[in-house]
Amino acid sequence: MANLQPVRGTRDIHPDERQRHRFIEETARNVAARYGYTEISTPIFEFSEVFKRTLGDTSDIVTKEMYTFEDKGGDEITLRPEGTAGVARMLISGGLAQDLPLKYFYRGPMFRYERPQKGRFRQFHQTGIELLGVPEPLGDVEVIALGASVLNELGLLSKTTLELNTLGNAESRNSYREKLIAYFNDFRSDLSEDSQDRLERNPLRILDSKDKQDQNIVANAPEFSESLDGESKEFFAAVTEGLDVLSIAYRLNSRLVRGLDYYCHTAFEFTTWELGTQGTVLAGGRYDGLVGQMGGTSTAGVGWAAGIERLAMLAEDIPEEVRPIAIIPVVPELQDKSLEIAQDLRSRGFTIEFGYRGNMSRRLKRANKLNAIASVIIGPDELERGAATVRNLDSGDQQEVSLEVLADHLKQFS
RNA sequence: GCGGGUGUAGCUCAGCUGGUUAGAGCACUAGAUUGUGGAUCUAGGGGUCGUGGGUUCAAAUCCCAUCACUCGCCCCA
């Protein structure tokens, strides 16, 4: 514990930023609700197996990014690095396969042991949706449309590009994989060190390498589209058609691949150019193989996850917190009376700040700093007449108001 | 895990090639203003110069290590 700093890659979220996060979460939750998605939450840790079995042994998440530890009972536990595996596990352990289709929304912290960077943390937050039990391309369309709606409501759709690709079904993907390996093997020694490694573990990854030399080699690599079989092509065509119907703009990107093993068919990413290298803001795809791989009855799935920190960095029009009304006793003897009034107003739904100490001037200063919209000044003179002074802190106008109608009068400020 | 940059007050930073008690603006506290905030003026509090070691008569300043942050690679939301 060095100097009471938070653990690397974790941080405190102060009120202003938490407000931004909450706005994003609530927007996503509301939009998802309109599509019929209801909120769930799964534990933030699971048996390590849950992630190992589903994410694939070759993914970086499993090989180097998991927060794994043994608990006191000797079980191997992992803090969740993403949300989908937990939802799939929930489907199986809850016996929910008979209630398909299911539509879930979730939000919460995720954990990855990575080197922190802009827009990347060891504890970060995602919000996401999962659509289970819909093998039709209409599911992909709905999921992408929902993602676009969320970005739109956040005012961020214009700052992003939707990139779209298909990984085809399992057969198509395997045959493409073989063609790629054959192709890249001829250039093996010319590939970057990273890509030589990828050739063993995850050849599709070479396609989006940022190395110049790699890109030259990739330029002539076989195209995915040539390996797609009839079913895969048809599926993808239906997805793009649906997006066209909804006028959702996309850019086909045959180099877009996914790090996680369970994806098939549709893969998509909403990317921004405003966050430097961590530009992916909302991404997902279809994962029909996941539930089966985990040991449940094979169930179709599509979904996405969005990074809340990243969205928060982009979002501009965050609604401000409710502005309080300050109650200010003019003399110490009126503290109790003021407290009663404050309590009464709070019970009626008003947001009330009660300065704790100091003379009137001091309390007004404090009210101003709290961005109070008005103050109710409780003074002996008015009180004799059963009234208080209400001051509008934006305009400076003030007037005497009978205590009986105080609450009604204050409604103009909420 | 790998490479580059940065670390001085709560915040933004100044402090030249080492030289006495380390500075500014903003913020904070108090007063001018014993029934009126946002402006102004005055006074005040606050810093182991990230941490540890080294060089030196002398280190915020030079060297090494370490930690944190940051940008990029890997990977990803």
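In terms of modelled atom types and a separation under 3.5 Å, the side chain of Arg286(A) and the main chain of Ala267(A) share no donor-acceptor contact. Distance alone, capped at 3.5 Å, is enough to place a donor-acceptor pair between the Arg363(A) side chain and the Gly358(A) backbone.
Remark: G7(B) base-pairs with C67(B). Criterion, Watson-Crick or G-U wobble with two distances under 3.5 Å. Across all strands shown, the partner of C62(B) is G54(B), judged by Watson-Crick or G-U wobble contacts whose two distances both fall under 3.5 Å. Taking a pair to require two hydrogen-bonding distances under 3.5 Å in either a Watson-Crick or a G-U wobble arrangement, A27(B) remains unpaired.
If you check every strand for non-hydrogen atoms under 4.0 Å, Val281(A) touches sugar and phosphate atoms only. Backbone-only engagement by Arg362(A) is indicated by non-hydrogen atom pairs under 4.0 Å involving sugar-phosphate atoms exclusively. At a threshold of 4.0 angstrom between heavy atoms, the contacts of Gly284(A) with the nucleic acid are absent. Gly396(A) comes within 4.0 angstrom of a nucleotide base, judged by non-hydrogen atoms across all strands. Counting any heavy atom pair closer than 4.0 Å across all strands shown, Ile377(A) reaches a base atom. Contact annotation for Gly9(A): backbone-only contact, meaning every heavy-atom pair under 4.0 Å involves sugar-phosphate atoms and none involves a base. At the heavy-atom level, Arg363(A) lies nowhere under 4.0 Å from the strands shown. Residue contacts for Ala367(A): at a heavy-atom cut-off of 4.0 Å it reaches no nucleic acid atom on any strand shown. Using a 4.0 Å heavy-atom cutoff across all strands shown, Gln117(A) reaches at least one base atom of the nucleic acid. At the heavy-atom level, Phe121(A) lies under 4.0 Å from base atoms of the strands shown.
Below the 3.5 angstrom threshold, one finds a donor paired with an acceptor across the side chain of Arg120(A) and the base of C75(B).
For the pair Phe270(A) CZ and A77(B) P, the computed distance is 14 Å after rounding to whole Å. Atom NZ of Lys118(A) is separated from atom C1' of U70(B) by 10 Å (rounded to the nearest Å). In this entry the distance linking CD of Glu269(A) with P of A77(B) reads 7 Å, nearest Å. Protein atom CE of Met66(A) is 17 Å distant from nucleotide atom C1' of G1(B), rounded to whole Å.
Nucleotides G23(B) and G46(B) have their C1' atoms positioned 14 Å apart, rounded to a whole Å. Comparing the P positions of G1(B) and G25(B) gives a spacing of 44 Å, expressed to the nearest Å. Taking atom C1' in both A59(B) and G19(B), one finds a spacing of 10 Å when rounded to whole Å. To the nearest whole angstrom, the two P atoms, one in U8(B) and one in C13(B), are 9 Å apart. Rounded to a whole angstrom, the distance from the C1' atom of A9(B) to that of G5(B) is 24 Å. Between C2(B) and C49(B), the distance separating the two C1' atoms is 31 Å to the nearest Å. Here the separation of A60(B) from G18(B), taken at their P atoms, is 13 Å to the nearest Å. With P as the reference atom, G31(B) and A22(B) are 30 Å apart, rounded to whole Å.
The two residues Leu311(A) and Ala306(A) come nearest to each other via the heavy atoms CD1-CB, 3.9 Å.
Ring pair Phe187(A)/Tyr183(A): centre-to-centre distance below 6.0 Å.
For Arg122(A) and Tyr113(A), the positive end sits near the middle of the six-membered ring, less than 6.0 Å away and at most 45° from its axis.
A 6.0 Å sphere centred on CZ of Arg346(A) holds more than 12 heavy atoms belonging to other residues, nucleotides or ligands.
Under 4.0 angstrom from either OP1 or OP2 of U70(B) there lies no side-chain N or O belonging to Arg115(A).
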